[in-house]
Protein chains: 2
Amino acid sequence: MARPKEFIAEEALDAAIGVFREHGFEGTSAEMLVRTLGIGRQSLYDTFGGKWQLYLAAVQRYAARETEAHLSALASAPRAVDGLRAMVERVVDDAAEACLGVNSICEFGTGKPELAAIRDNAGRTLTRAIVARIREAQVEGDVAPDIDPSSATEFLQASFAGIRVAARGGAGHRRLRALGQLALRALA
Amino acid sequence: MARPKEFIAEEALDAAIGVFREHGFEGTSAEMLVRTLGIGRQSLYDTFGGKWQLYLAAVQRYAARETEAHLSALASAPRAVDGLRAMVERVVDDAAEACLGVNSICEFGTGKPELAAIRDNAGRTLTRAIVARIREAQVEGDVAPDIDPSSATEFLQASFAGIRVAARGGAGHRRLRALGQLALRALA
DNA sequence: CCTGATTTGGAACGATCAGTCAAGAATGAA
DNA sequence: TTCATTCTTGACTGATCGTTCCAAATCAGG
């Protein structure tokens, strides 16, 4: 039909995730994006619409990837508590890179409905999966029966945010692991 | 000798804290500051030096206030564990407003040494106080003896960050309280 | 009352911002 | 090959950024 694009939109999106997670939305300029994505200015605007839309798309993609990684770890062991532990350990191991989710929450809070909607949608599936796994672990005797599974799930997710903020603040892998272990201890 | 200032630097700083904690550094413009602080542009630059220096001063002052509030809650009860609980509950109660500390960590990470230095200095005193109170609580039998007090302290601080991120993401007071309770449970 | 010192507010600065335009380059279909 | 269509490139836009300059205003000391 006509000239094909010289880049792959998804790869560009991945590069955009890398910039936004490190510098935030306001801290990222259009020129940084053009340089990092390796595409022309006009291509960027033609393909993604603008800086804000690109940001939303990046958060969306990041949330999907992150959810998948969480679910995968969660299901990686037959015993529920081992799945929970694997999920925590993956967060610890990957915490060296800033989390775009935490970043977007801190930067915009609940002020941008479109952004909050992306986060909520991505979080729903994960939340359900964690709740289910905690219930399992309660049946298996690895999580205290008096704990509300929903609260425990929110606690784990908050702990992930805490671990990631700590990592962003300079905490090393050793300390992060201790944080993860203590978070799990709260459920025992 | 000459014309006195028409504003009080510390009050202006408090106003600056209010703007920065809500919009971050990059998200705050000089005009927003001028309007919110209620002082002239030139007065702002004469008094504080510039946007970045004002930000550093705001973080500094915020860190001092926050540290004091933590220490006060920590010492508010004779029994150590009650002091720890009071500290957690204060964080929960004040989480409706964004935390400038968490914000600055998320926005800049370890990239700005001057900023990291402010945080580290403010954190040192608090960390020592929490460690001491946790040791006390261990002696009193309220915190498990096999827990490393330093790790537990870092865990509590990370939990504060988690609670604050959750609040910024829209979690209500009820949920935040559950997070705080679970964090304390990890120490028992 | 002056006079020297300092603050103040508004205009203005160059730089950079996100976003657009136009013209050339590259493609597939006819 | 030719043509219509799309993509790419780089110059360009008005707006806004943080910051500075300057003149008027306001004080304290003599």
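Both backbone and side-chain heavy atoms feed into the values below; hydrogens, waters and symmetry mates do not. Note that the structure is a prediction, hence the values are computed from the model and not measured. A, B, ... follow the sequence lines: proteins, then strands. Residue 1 opens every chain.
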Side-chain H-bond candidate by donor/acceptor type, A:Glu154 with A:Thr127, under 3.5 Å
no
Find the distance B:Met32:CE to D:dT16:C1' and express it as a whole number of Å.
13 Å
Need one value for B:Thr47: base, sugar-phosphate or nothing, where a base atom within 4.0 Å counts as base even if backbone is also close, heavy atoms only.
nothing
Polar pair under 3.5 Å, donor/acceptor by atom type, side chain A:Arg41, base C:dG19:
yes
Output the rounded distance in Å from NZ (A:Lys51) to P (D:dC17).
12 Å
Grab the CG-P distance between B:Leu33 and D:dG18 for me, whole Å please.
8 Å
Gap between atoms CD and P, on A:Glu31 and D:dC12 respectively (whole Å):
17 Å
As an exercise, state the distance from CG of B:Leu176 to CG of B:Asp94, rounded to the nearest 0.5 Å.
11.5 Å
Rounded to whole angstrom units, what separation is found between the CD1 atom of A:Ile39 and the P atom of C:dA25?
21 Å
Side-chain (A:Asn103) to main-chain (A:Gly24) donor-acceptor, under 3.5 angstrom
no
Side chain of A:Tyr45 only, heavy atoms from C-beta on: which candidate in C:dC17, C:dT20, D:dG18 is closest?
C:dT20
Between B:Leu44 (CG) and D:dC17 (P), how many Å, whole number?
14 Å
May I ask you to check whether A:Trp52 and A:Phe20 place their ring centres under 6.0 Å from each other?
no
Can a side chain N or O of B:Ser43 be found less than 4.0 Å away from OP1 or OP2 on C:dT7?
no
note: A:Trp52, atom CH2; C:dC17, atom C1'; distance rounded to Å ~ 17 Å
Out of C:dG19, C:dT8, C:dC21, whichever nucleotide has its closest atom nearest the side chain of B:Gln42:
C:dT8
What integer distance in Å separates A:Glu26:CD from C:dC17:C1'?
11 Å
